[in-house]
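All chains are named by letter (A, B, ...) in the order of the sequence lines, taking the proteins before the strands, and each is independently numbered beginning at 1.
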Amino acid sequence: MVNLLYRRVVSTKNVNNGVVADIFSELADLLELKGEQPFKVVAYRRAANNIRRLDTPVEELVGTAQLLEVPGIGEAIAEKIREIVETGKLSLLEGLRSELDPGLKELVTIPRIGPKTALLLYNKYGIRNRRQFEQALADGTLVSKGFSAVLAKSIQTALSQIGESSKRMLLIEATDAAYTLLDSLQQANGYDFRVCGSLRRAKDTVGDVDIVALPTVPERKLQPLALELEKMNGSFLAKGESKISWLTPHGVHVDIRLANKENIGAMALYFTGSKEHNVKLRTLAMKKGLKLNEYGLFRDSDGDLVAGASEEEIYRTLGLQYIEPELREDTGEIEQAESGKLPTLVDDGSIQGDLHAHSTWSDGSSTLEEMATAAEKLGYKYLVFTDHSKSESVAHGMTEAVLRRQATAIEKVRSKHPKLEILHGSEVDILRGGKLDYDDATLATLDFVVASLHRKFSSDTNLLTEAVVNALENRYLKVLAHPTGRLLGRRGENGIDLDKVLVAARRNGKAVEVNGQPRRMDLPWMWVKRAVEEGVKLALDSDAHTTGELLNMQFAVKNARKGWAGAKDVMNSVPNVAKLLR
DNA sequence: GCCGTTTTCGGCCCGACTGTTTTCAGTCG
Ligand SMILES: Nc1nc2c(ncn2[C@H]2C[C@H](O)[C@@H](COP(=O)(O)OP(=O)(O)OP(=O)(O)O)O2)c(=O)[nH]1
Ligand SMILES: [Mg+2]
Ligand SMILES: [Mg+2]
Ligand SMILES: [Zn+2]
């Protein structure tokens with residue numbers, strides 16, 4: 001009894017918006033499997049998306065009229081949220097979970113298998129999960145029992161080609177995959193290619209490569225491009241007049257859409273997405289007596305094309321400011337564009353220096369001299385060396401004595417690079433309780449202090465939050481580095497309460513990092529947006545461990561743009577070092 | 001299930017590709 005009560009108290013404290021959103025998202029998936037009305041499924045998905053993006057915890061909104069003001073939340077969903085907040089779960093979902101075999105959810109992850117086919121496989125062919133499906137596909141029993149041989153064949157080729165690469169790519173991997181492909185397609189002369197999708201929106205992970213092909217030769221369609229792809233040892237998932245879906249030899253999914261001069265704007269707009277952004281734009285168009293699709297913006301009354309050749313023209317005709325691709329996530333950009341209040345975003349040219357870089361003095365593999373030379377080449381006004389502190393022994397963290405020797409070494413490098421301000425900093429570990437890995441007397445000898453949590457010294461996230469908040473009180477600390485500690489595809493977030501951290505950062509006048517390492521992208525863009533809203537300054541940096549990795553700055557910039565950051569929000573957009581150090 | 005400055009009912013973004021569909025369902029973007 002006591003245990004039950006205890007658990008209840010704990011769970012009510014842990015129902016954050018992500019958890020609530022996941023519940024509605026799963027509910028939508030299971031209802032879809034059951035054949036529930038599609039609009040209901042869509043309604044739950046929409047509610048899930050809106051809850052995920054909400055700044056205020058729904059927990060605090062339960063029982064208030066504000067909850068019903070959230071788009072997509074009506075009486076029925078509000079009641080379900082109340083149940084989730086009070087009990088930690090949703091009985092409707094629990095019921096569906098026990099009713100529907102989890103194997104069904106596995107089946108719909110297979111290409112070409114949706115809810116209907118999954119149920120057919122389950123009920124008619126006795127396929128209980130993905131493993132059984134692959135088995136029955138391989139030994140031919142599925143087809144011999146009457147399953148479509150054509151469909152079976154095409155799923156089989158797709159599955160074998162996808163293999164291990166079914167996971168989402170890092171932004172840098174997708175960028176490389178896209179440009180490698182476009183390079184080899186230059187053979188198929190006669191097209192301009194535009195990269196769209198989540199890659200153009202600079203999401204931190206990318207599911208596939210979406211490309212619009214614009215023929216530069218009259219009468220040219222997709223056929224010559226398809227021929228070129230055929231030589232490349234991949235496989236086609238679909239091949240039509242307007243669209244090709246193709247898997248590279250490495251199993252990367254590529255979608256290609258054909259455009260022309262008149263519709264290239266509409267096509268790029270559609271193919272850049274996001275889906276939610278598209279749906280909202282199309283709904284807005286509808287309300288204005290217009291129709292938007294990938295071929296253009298059309299007047300309902302006479303069906304005439306009113307815009308289509310450029311994205312700018314389409315947004316303008318809809319009464320909107322131009323919306324940068326990074327912002328197209330339906331996090332309020334359409335509403336802000338309606339009233340002309342979108343920010344001017346930071347860009348590569350705003351960046352005056354790098355605030356987080358390593359050298360051979362800790363775990364970097366380029367020397368101070370090499371890093372300085374590279375930074376100078378990039379046109380930077382300053383570079384901060386932030387090698388690891390003593391507790392980071394796996395990363396060759398430096399003792400105080402080594403740190404002093406590094407100061408001397410940096411002094412020597414400075415004399416060779418008069419145009420670059422080289423700052424001696426450190427990436428100092430945040431220890432239990434918020435103590436920093438060097439004492440204040442040592443920190444006082446440094447020009448710039450970046451601090452980060454590298455080890456979860458406790459599984460209690462409250463203690464981690466407390467440590468970070470305390471660390472932010474330190475007078476020498478300038479930047480909180482990679483606040484969530486996530487490593488995309490490897491390790492989740494450390495679970496600290498970022499709301500509290502942002503409040504503490506603001507109170508103490510500290511910046512939070514936007515780390516450009518493709519595997520980190522930390523802060524994540526949604527939290528960058530929150531930081532900007534809270535007036536917390538951002539430190540964009542590369543966290544480079546080699547000279548080449550100084551270019552990670554481009555990803556930090558993209559991620560900051562995705563979080564609506566302008567140059568004024570970015571501390572290293574100031575050219576003047578004295579101002580930076582104030 | 002949600003929503004409304006024409007609606008409290010009847011709509012909900014819109015289209016490509018595939019298969020066996022001779023007029024559409026399923027899946028996907
Ligand atoms: N209007 C509309 N557009 C869609 C829909 N689904 C996808 N799109 C558009 C917007 C997407 O950004 C674009 C490419 O689709 P993808 O499935 O590749 O999604 P996206 O690239 O955004 O994310 P990803 O990282 O690939 O999962 O196609 C849809 O249901 N309706
Ligand atoms: Mg995509
Ligand atoms: Mg795609
Ligand atoms: Zn670092």
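The interatomic distance linking A:Glu32 (CD) with B:dA25 (C1') rounds to 14 Å, in whole Å. Across the protein-nucleic acid pair, A:Lys116 atom NZ and B:dT18 atom C1' stand 17 Å apart, rounded to whole Å. One interatomic measurement links the two molecules: CG of A:Leu151 to C1' of B:dC17, which rounds to 13 Å at whole-angstrom precision. To the nearest angstrom, C1' of B:dT8 lies 13 Å from CD of A:Glu75. For A:Phe147 and B:dG19, the CZ to P distance is 12 Å, given to the nearest whole Å. Whole-Å rounding puts the A:Lys287 NZ to B:dC12 P distance at 13 Å. Between the CD atom of A:Gln37 and the C1' atom of B:dG11 there is a distance of 13 Å, given to the nearest Å. Rounded to whole Å, atom P of B:dG15 lies 13 Å from atom CG of A:Asn263.
With respect to the salt-bridge test (charged N to carboxylate O, under 4.0 angstrom), the residues A:Glu335 and A:Lys341 do not qualify.
For the P atoms, the distance from B:dT5 to B:dC13 is 16 Å, rounded to whole Å. As rounded to the nearest Å, B:dG26 and B:dT20 have P atoms that lie 14 Å from one another. Separating the C1' atom of B:dG1 from that of B:dT6 is a span of 23 Å, rounded to the nearest Å. Comparing the same atom, C1', in B:dA16 and in B:dG10 gives a spacing of 28 Å after rounding to whole Å. Nucleotides B:dC9 and B:dC14 have their P atoms positioned 24 Å apart, rounded to a whole Å. Look at the C1' atom in both B:dT7 and B:dC12: the space between them is 14 Å, to the nearest Å.
When the nearest nucleotides of DNA chain B are assigned to A:Gly114 and A:Ala78 by heavy-atom distance, the more 5′-ward of the two goes with A:Ala78. Each of A:Ser245 and A:Thr283 was assigned the nucleotide of DNA chain B with the nearest heavy atom; the assignment lying further toward the 5' end belongs to A:Thr283.
Taking only side-chain nitrogens and oxygens, A:Lys243 never comes nearer than 4.0 Å to OP1 or OP2 of B:dA16. For B:dT27, the OP1/OP2 oxygens have a side-chain nitrogen or oxygen of A:Thr117 closer than 4.0 Å. Between A:Lys291 and B:dG15 there is a side-chain polar atom (N or O) within less than 4.0 angstrom of OP1 or OP2. Between A:Tyr295 and the phosphate of B:dA16, there is a side-chain N or O to OP1/OP2 separation shorter than 4.0 Å. In terms of phosphate contacts, A:Asn293 brings a side-chain nitrogen or oxygen within less than 4.0 Å of OP1 or OP2 of B:dG15.
Residue A:Lys40 is classed as a base contact, given a heavy-atom separation below 4.0 Å to a base. Backbone-only contact: A:Lys239 has heavy atoms under 4.0 Å from sugar-phosphate atoms and none from a base. Across all strands shown, A:Pro111 has heavy atoms under 4.0 Å from sugar-phosphate atoms exclusively, and none from any base. Counting any heavy atom pair closer than 4.0 Å across all strands shown, A:His253 reaches sugar-phosphate atoms only and no base atom. As judged by a 4.0 angstrom heavy-atom cut-off over every strand, A:Val150 is placed among residues touching the sugar-phosphate backbone only. Within 4.0 Å of A:Ile113, counting heavy atoms only, lie sugar-phosphate atoms of the nucleic acid but no base atom. Here A:Leu27 lies out of heavy-atom contact (under 4.0 Å) with every strand. Residue A:Leu292 is classed as a sugar-phosphate contact, given heavy-atom separations below 4.0 Å to backbone atoms only.
For the pair A:Arg128 and A:Tyr122, the distance from NZ or CZ to the six-membered ring centre is under 6.0 Å and the angle to the ring normal is within 45 degrees. Geometric assessment of A:Arg220 against the ring of A:Tyr191 yields a positive cation-pi assignment under the 6.0 Å and 45° thresholds.
Residue A:Glu329 forms a salt bridge (Lys or Arg N to Asp or Glu O under 4.0 Å) with just one option from A:Arg561, A:Arg201, A:Lys275, and that option is A:Arg201. The side-chain hydrogen bond (donor to acceptor under 3.5 Å, both in side chains) with A:Asp204 is formed by just one residue from the set A:Lys562, A:Arg486, A:Lys558; it is A:Arg486. Each of A:Leu290, A:Asp304, A:Leu281 was checked for a side chain to side chain contact (heavy atoms under 4.5 Å, CB included) with A:Leu297, and the lone residue meeting it is A:Leu290.
Under the 30°/60° scheme for interplanar angles, the aromatic rings of A:His277 and A:Tyr315 are found to stand perpendicular.
Under the Watson-Crick or G-U wobble criterion, with both distances below 3.5 Å, B:dC3 is paired with B:dG10.
Checked by distance alone, A:Tyr270 brings no side-chain donor or acceptor within 3.5 Å of a matching partner on the base of B:dG15.
Using a 90° window around 0 for the glycosidic torsion, B:dT7 falls inside it and is classed as syn.
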Would A:Leu269 and A:Arg328 count as a side chain to side chain contact (heavy atoms under 4.5 Å, CB included) if you check the C-alpha gap in whole Å, the side-chain angles of each, and the deciding distance to 0.1 Å?
-> CA-CA 10 Å; A:Leu269 181 64; A:Arg328 302 179 193 172; 3.8 Å; yes

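Across B:dG29, B:dA16, B:dC13, the shortest atom-to-atom separation from the side chain of A:Arg282 is found for B:dC13.
Between the side-chain ring of A:Phe39 and the base of B:dC2, no stacking contact exists by the 5.5 Å and 30° definition.
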